[in-house]
Amino acid sequence: MFIDELIDKIKEKNNPTVVGLDPRIEYVPSVIRACAFHEHGENIKGAAEAIWIFNRRIIDSVHDVVPAVKPQLAYYEMYGVEGLRVFDRTVKYAKEKGLLVIADGKRNDIGSTAEAYSTAFLGKTQVDGGVFEEAFGADALTVNPYLGCDGISPFIEDCKKYEKGIFILVKTSNKSSGQLQDIVAQDGRSIYEIVAGHVAEWGQGVMGKYGYSSVGAVVGATYPEQAKILRGIMKNSYILVPGYGAQGGTAGDIANSFNKDGLGAIVNASRSIMCAYKSDIWKDRYGEDRFDEACRAEAIRMREDINSAI
Ligand SMILES: O=c1ccn([C@@H]2O[C@H](COP(=O)(O)O)[C@@H](O)[C@H]2O)c(=O)[nH]1
């Protein structure tokens with residue numbers, strides 16, 4: 001099941017972090033861009049090709065360091081159909097390299113449409129006469145809880161049926177997340193605490209061998225105090241922690257998302273890894289041409305940083 005596989009890989013690599021693949025054409029080194037534009041034209045197709053090569057080289061450089069990657073759908077959808085093709089190739093390539101893939105799509109809708117979203121990312125699509133085929137075939141998906149439990153159930157059913165995982169938004173890392181999530185709504189509890197209670201309950205039917213559920217939560221690194229409360233409410237839920245690095249979250253900030261067993265959370269970094277070759281730490285050692293080596297160096301630095309804090 002997803003959560004056991006994730007924990008096995010975290011243990012094997014001694015690394016509770018995930019590399020976010022949120023590519024923008026301006027992150028791609030100029031030589032790769034020029035080559036792709038020359039071959040495919042200076043258009044969306046050329047940009048998509050350049051991004052694919054960028055992603056592939058990042059995956060090649062970090063696949064033995066991290067347990068998983070987290071491509072964010074928006075960065076592929078912005079290149080239309082060509083971008084979605086790159087998303088698909090990226091998912092397949094990462095899996096070939098032994099990585100788990102967490103698709104960050106924050107999907108949901110009314111039950112029937114949630115079911116279609118779940119089929120697209122976690123389940124199998126019925127093609128013809130009972131033949132089923134994986135569409136995107138991610139290992140896990142981020143999910144929005146705003147529609148309530150009938151929007152969540154289809155994803156949980158697919159977690160059970162296909163051994164997949166979901167991470168439900170509980171307390172997001174952005175500045176205005178408190179505008180709705182912090183509203184005190186019931187018995188002195190905030191909305192994020194109430195959602196966390198549901199996440200804990202929804203996860204009960206999908207528990208793995210380590211005592212964690214394949215139904216996890218998203219809690220931003222930028223809210224360490226809230227993370228402490230949430231860790232207490234969702235004792236068996238794995239927490240996906242975005243906001244480390246580019247958004248200012250530090251290793252100290254993420255410590256509250258972990259349990260005493262050193263498990264319970266996986267920390268994401270996207271821009272700080274993808275653009276490591278431009279950072280003050282690595283730019284003098286690795287130029288544009290060696291951007292992939294800079295990604296690897298930053299992924300290793302992040303692993304050490306996080307491990308030293310938990
Ligand atoms: O609360 C949330 C939920 C998701 N994200 C996503 O994580 C990455 C963060 O990227 P960085 O470059 O490391 O800041 C991105 O895909 C977000 O959409 C989040 O940041 N906060």
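Atoms within each ligand, like the ligands themselves, are counted from 1 in listed order.
Contacts of Thr142 with ligand 1, taken as heavy-atom pairs under 4.0 Å, are absent altogether.
The nearest protein atom to atom 4 (C) of ligand 1, hydrogens excluded, is given as Lys106 NZ, 3.2 Å; this is a heavy-atom distance. Nearest to atom 10 (O) of ligand 1 among the protein's heavy atoms is Ser270 OG, 3.3 Å. Among all non-hydrogen protein atoms, the one lying nearest atom 6 (C) of ligand 1 is Asp104 OD2, 3.5 Å. Of the protein's non-hydrogen atoms, the one nearest atom 5 (N) of ligand 1 is Pro242 CB, 3.7 Å. In terms of protein heavy atoms, atom 20 (O) of ligand 1 is closest to Gln247 NE2, 2.7 Å.
A salt bridge is defined here as a Lys NZ or Arg NE, NH1 or NH2 lying under 4.0 Å from an Asp or Glu carboxylate O, and Arg24 with Asp22 fails to meet this definition. Using a 4.0 Å cut-off between a side-chain N of Lys or Arg and a carboxylate O of Asp or Glu, Lys70 and Asp104 qualify as a salt bridge. Salt bridge status for Arg301 with Glu298: present, with a side-chain N to carboxylate O gap under 4.0 Å.
Under the 3.5 Å distance criterion, with hydrogens and angles disregarded, no donor-acceptor pair is assigned to the side chains of Asp292 and Ser61.
Per-residue contacts place Thr172 under 4.0 angstrom from the following atoms of ligand 1 (heavy atoms of the residue considered): 1 (O). Here is the list of ligand 1 atoms found below 4.0 Å of a heavy atom in Lys70: 6 (C), 7 (O), 8 (C), 15 (C), 16 (O). Set against the non-hydrogen atoms of Asp22, the atoms of ligand 1 under 4.0 Å away are 8 (C), 10 (O), 15 (C), 16 (O). Against a heavy-atom cut-off of under 4.0 Å, Ser173 is close to the following atoms of ligand 1: 1 (O), 2 (C), 19 (C), 20 (O), 21 (N). Within ligand 1, the atoms closer than 4.0 Å to a non-hydrogen atom of Arg271 are 11 (P), 12 (O), 13 (O), 14 (O), numbered from 1 in the order shown. Ligand-side atoms of ligand 1 in range of Gln72: 16 (O), 18 (O), range being under 4.0 angstrom from any heavy atom.
The main-chain N or O of Met302 is never found under 3.5 Å from a side-chain atom of Asp305 such that the two would form a donor-acceptor pair. Judged purely by atom type and a 3.5 angstrom limit, Lys9 uses its side chain to pair as donor or acceptor with the backbone of Gly98.
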**Q.** Tyr277 and Tyr286: CA distance, side-chain angles, deciding distance, ring pair (Phe, Tyr, Trp, His ring centres under 6.0 Å) verdict
**A.** CA-CA 6 Å; Tyr277 70 97; Tyr286 307 104; over 10 Å; no
Q. Can you check ring pair (Phe, Tyr, Trp, His ring centres under 6.0 Å) on Phe54 and Phe291, steps first, answer last?
A. CA-CA 9 Å; Phe54 182 64; Phe291 76 96; 5.1 Å; yes
